[in-house]
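Structure first, then comments.
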Amino acid sequence: MTPSDPTAGARAELAALADAVAAGEAASEFDFLRDLPSDFDARSAAVLILFGVLDGSPSDRDAQAAAVSRDLDVLLLSRAETLRAHPGQVAFPGGRVDADDADDIAAALREAREETGLDPAGVEILGALEPIPLEHSKHLVTPVLGWWRRPSPIRVVDEAESADVFRVPVADLLDPAHRGVTVLRRDGDEFRGPAFLVPTVRGERLVWGFTAMILDGLFARLGWTEPWDATREIPLAVPPR
């Protein structure tokens, strides 16, 4: 990576955030954590949030943040429609921490390899963020920040697990025209959360739920967020229980 590399600023800011979390200086980078219950017996899980210059299809817009170049991307996948948990949802690569995994980082890399076929040797781990408790699924999820210093081919490895693997320009995610909220109403309760509508080669994808909360919180902490309409509701098909 050279000083003229337009993605150098993004990597530096992501690494600085990871260092701040490790030093205990950014424990509340995700505002929604304050509202999540954490007093339950949780299973450990980890997800890989992998940034880099991932493909040859950059965004057609300039983000306001100087660190976000048009070719800065993040790796996502679409879960198989046949899965019992979160079918069809867009997610980061990741899953439960196995007994054979050395730690959360090892689990995130293993799951990413199993789900997308990427070569973990080309991934530079910048650090882990604060674990996030998810009471509904009884998991404690650690987001792991990575930088793809040597990209490798990706694909759907197991069609029973994933329907698609793709890269999304960060500038597209930050585009206010692609942002809104989803509203899930059940049993008299209402759950509102950030959402992103992003174009892909297979059509428009809705990023919502846990993945959208992570992206929203991460962008806000990095100072990359652009003003967007938080009153805009994006229709959401009610997922099965």
Closest non-hydrogen atom pair between Glu115 and Gly94, with its separation: OE1-N, 3.0 Å
Polar side-chain atom of Trp147 near backbone of Arg149 as donor-acceptor pair, under 3.5 Å: no
From CA spacing to verdict: side-chain contact (heavy atoms from CB on, under 4.5 Å), Val74, Leu50: CA-CA 6 Å; Val74 64; Leu50 183 58; 5.8 Å; no
Heavy-atom pair with the smallest gap, counting every atom of Val53 and Pro151: O-CG, 3.9 Å
Residue list, side-chain contact (heavy atoms from CB on, under 4.5 Å) with Asp98, at least two apart or on another chain: Asp101, Arg110
Donor + acceptor pair across side chains of Trp224, Glu13 (<3.5 Å): yes
Verdict with supporting geometry, Val90 and Leu77, side-chain contact (heavy atoms from CB on, under 4.5 Å): CA-CA 6 Å; Val90 174; Leu77 58 84; over 6 Å; no
Derivation and outcome, salt bridge (Lys or Arg N to Asp or Glu O under 4.0 Å), residues Arg179 and Asp229: CA-CA 7 Å; Arg179 300 211 55 179; Asp229 184 2; over 6 Å; no
Nearest heavy atoms of Pro58 and Pro169, plus distance in Å: C-CG, 4.2 Å
Pairing of Arg192 and Glu233 as salt bridge, 4.0 angstrom limit: yes
Test item: Val198 and Leu173 side chains (from C-beta on) under 4.5 Å apart, heavy atoms: yes
Leu218-Val181 co-clustered via ILVMFWY side chain contacts under 4.5 Å: no
Audit row: Asp60, Arg70, salt bridge (Lys or Arg N to Asp or Glu O under 4.0 Å) steps and yes/no: CA-CA 7 Å; Asp60 60 2; Arg70 289 191 176 195; over 6 Å; no
Residues forming a side-chain contact (heavy atoms from CB on, under 4.5 Å) with Arg96, sequence neighbours excluded: Arg43, His139
Phe196 vs Leu215 side-chain heavy atoms within contact, under 4.5 Å: yes
Side chain Gln89, main chain Ser78, donor-acceptor under 3.5 Å: no
Salt-bridge criterion met for Asp119 and Arg113 (N-O under 4.0 Å): no
Pairwise distance CZ(Phe51) to CG(Leu145) - rounded to 0.5 angstrom: 6.5 Å
Closest contact, heavy atoms only, Asp103 versus Val97: O-CG1, 4.4 Å
Shared hydrophobic cluster for Ile214 and Trp228 (ILVMFWY, side-chain gaps under 4.5 Å): no
Polar side-chain atom of Arg155 near backbone of Thr116 as donor-acceptor pair, under 3.5 Å: no
Leu236 side chain near Leu206 side chain, heavy-atom distance below 4.5 Å: yes
side-chain contact (heavy atoms from CB on, under 4.5 Å) evaluation trace for Val47 with Thr211: CA-CA 10 Å; Val47 295; Thr211 304; over 6 Å; no
Spatial distance of atom OG (Ser59) from atom CG (Asp175) [nearest 0.5 Å]: 7.5 Å
Validation row: Thr182, Phe191 side chains within 4.5 angstrom (heavy atoms): no
Joint cluster assignment, Leu222 & Val168, ILVMFWY side-chain distance < 4.5 Å: yes
Arg11 and Glu124 ion-paired at < 4.0 Å: yes
Minimum side-chain heavy-atom gap Asp19-Leu126 below 4.5 Å: no
Atom pair CZ/CG of Arg167 and Asp172 - distance to nearest 0.5 Å: 14.0 Å
Test item: Glu190 side-chain N/O and Val183 main-chain N/O as donor-acceptor pair under 3.5 Å: no
Under the side-chain contact (heavy atoms from CB on, under 4.5 Å) test, residues paired with Ala112 that sit two or more places apart: Leu48, Pro93, Leu118
Separation of Leu140 CG from Ser44 OG (nearest 0.5 Å): 6.0 Å
Asp104-Thr142 side chain donor-acceptor pair, cut-off 3.5 Å: yes
same_hphob_cluster(Leu109, Trp148) at 4.5 Å side-chain heavy-atom cutoff: yes
Closest non-hydrogen atom pair, Ala212 against Ala195: CB-CA, 4.2 Å
Heavy-atom side-chain contact between Val68 and Phe219 under 4.5 Å: no
Heavy-atom closest pair, residues Ala102 and Ala106: N-CB, 3.8 Å
